[in-house]
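Below is one structure, written out as structure tokens; comments come after it.
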Amino acid sequence: MAYQEKKSIVSLISAVLIFAVYSSIMYPRHPGAGAETDEIFRYWGSFVLILTLVSIFAHIVIGIVFNIVHRMATGEKEPSFADELDKLIDLKAFRNSFLVFVLGFLASMGTLAAGQPSQAMFVILIAAGFLSDVTGSATRLYHYRRGV
């Protein structure tokens, strides 16, 4: 298995684990149904902000640990350059990831237009962010395995 495939698998698994662990920690802190609007917005705002920061930090740490473990196990260095295939695969992954997020964003705005509670908008936005991350990693893995 190539370095890029391994890195895509690690990225996919880490995205799922980060989201699952963070959500399981934060969900019990959710304000009840009778909570004030300010409290609900504060909760969801902090949920999104902290999830973003935790996710970025965790992905950086996991990437560093992956490179160290990969180097110790195989003796291979991380490729120092990206060829045209790597760039093409990254562009396709970015396109798919962006499409999933934009569709989720539009769906979340649709919930507001339909008069649904603001919590539905936040849940859909968070799910769209998670699914776009997973879609990008899965697209990279697919194209490294099957070709472009």
Side-chain angles (χ1 to χ4, degrees), residues 1-74 76-79 82 86-146:
M1 193 179 315
Y3 173 82
Q4 290 86 355
E5 290 178 62
K6 293 175 191 172
K7 189 172 180 180
S8 295
I9 291 170
V10 168
S11 178
L12 183 63
I13 293 170
S14 66
V16 171
L17 287 177
I18 291 166
F19 185 77
V21 168
Y22 181 77
S23 295
S24 68
I25 291 170
M26 287 298 288
Y27 185 72
R29 298 179 184 180
H30 185 272
E36 295 181 22
T37 305
D38 289 343
E39 189 177 346
I40 291 171
F41 278 117
R42 188 175 307 113
Y43 169 77
W44 286 111
S46 65
F47 187 99
V48 171
L49 182 65
I50 295 170
L51 176 61
T52 302
L53 296 174
V54 166
S55 181
I56 289 170
F57 178 75
H59 277 295
I60 290 170
V61 170
I62 290 169
I64 291 169
V65 170
F66 170 74
N67 282 331
I68 292 170
V69 170
H70 183 265
R71 177 96 186 249
M72 288 173 38
T74 64
E76 298 174 10
K77 292 182 182 178
E78 177 183 5
D86 294 331
K87 291 177 184 176
L88 183 60
I89 290 172
D90 282 343
L91 284 172
K92 287 180 183 269
F94 180 74
R95 177 198 62 195
N96 293 347
S97 178
F98 186 72
L99 176 67
V100 168
F101 184 76
V102 166
L103 290 175
F105 177 80
L106 292 175
S108 70
M109 293 301 113
T111 61
L112 289 179
Q116 298 296 318
S118 59
Q119 292 185 26
M121 177 200 65
F122 284 109
V123 169
I124 292 173
L125 273 176
I126 292 166
F130 167 69
L131 290 175
S132 73
D133 192 8
V134 168
T135 300
S137 297
T139 301
R140 276 187 199 85
L141 179 61
Y142 174 81
H143 285 299
Y144 277 118
R145 289 248 169 154
R146 302 286 182 210

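As the structure is a computational prediction, the values presented were derived from the model and not from experiment.
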Name all pairs fulfilling the salt bridge (charged side-chain N to carboxylate O under 4.0 Å, His left out) condition that reach into [range], sequence neighbours left out, sorted by first residue then second.
range          : value
residues 39-62 : none
residues 7-28  : Lys7-Glu78
residues 15-32 : none

Flag the pair [X] / [Y] as yes when at least one side-chain heavy-atom distance between them is below 4.5 Å, and no otherwise.
X      : Y      : answer
Val48  : Leu125 : no
His59  : Asp133 : yes
Lys6   : Phe66  : yes
Gln116 : Met121 : no

Is Tyr3 reaching over with its side chain to a backbone N or O of Lys77, donor-acceptor style, under 3.5 angstrom?
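Not a single qualifying donor-acceptor pair exists.
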
Can a donor-acceptor pair be found, under 3.5 Å and without considering hydrogens, that links the side chain of Ser23 to the backbone of Ala20?
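Such a contact is absent between Ser23 side chain and Ala20 backbone.
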
At their closest point, which heavy atom of Ile62 faces which heavy atom of Ser14, and how far apart are they?
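Of all heavy-atom pairs spanning Ile62 and Ser14, the closest is CD1-CB, 3.4 Å.
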
What is the minimum heavy-atom distance between Glu76 and His70, and which atoms define it?
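Where Glu76 meets His70 most closely, the heavy atoms are OE1-CE1, 3.7 Å.
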
What orientation do Phe122 and Phe41 show, parallel under 30°, tilted 30 to 60°, or perpendicular over 60°?
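Perpendicular, since the angle between the ring planes exceeds 60°.
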
I'd like to check the ring-ring contact (aromatic ring centres under 6.0 Å, His included) partners of Phe130; sequence neighbours left out, ordered by chain and number.
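With sequence neighbours excluded, Phe130 shows a ring-ring contact (aromatic ring centres under 6.0 Å, His included) to Phe19, given in chain and number order.
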
Partners passing ring-ring contact (aromatic ring centres under 6.0 Å, His included) against Tyr22 (at least two apart in sequence or in another chain)
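Checked Tyr22 against ring-ring contact (aromatic ring centres under 6.0 Å, His included); matches are Phe47.
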
Supply the atom-to-atom distance Leu12 CG to Leu141 CG, rounded to the nearest 0.5 angstrom.
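One gets 7.0 Å once the value is rounded to the nearest 0.5 Å.
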
So which of Val54, Leu49, Ile56 actually passes side chain to side chain contact (heavy atoms under 4.5 Å, CB included) with Thr52?
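The option that passes is Ile56.
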
Result block: side-chain N/O donor-acceptor pairs under 3.5 angstrom for residues 89-105, not counting sequence neighbours:
{"unit_1": "Asp90", "atom_1": "OD1", "unit_2": "Arg140", "atom_2": "NE", "d": "3.0"}
{"unit_1": "Asn96", "atom_1": "ND2", "unit_2": "Thr139", "atom_2": "OG1", "d": "3.2"}
{"unit_1": "Ser97", "atom_1": "OG", "unit_2": "Ser132", "atom_2": "O", "d": "2.8"}

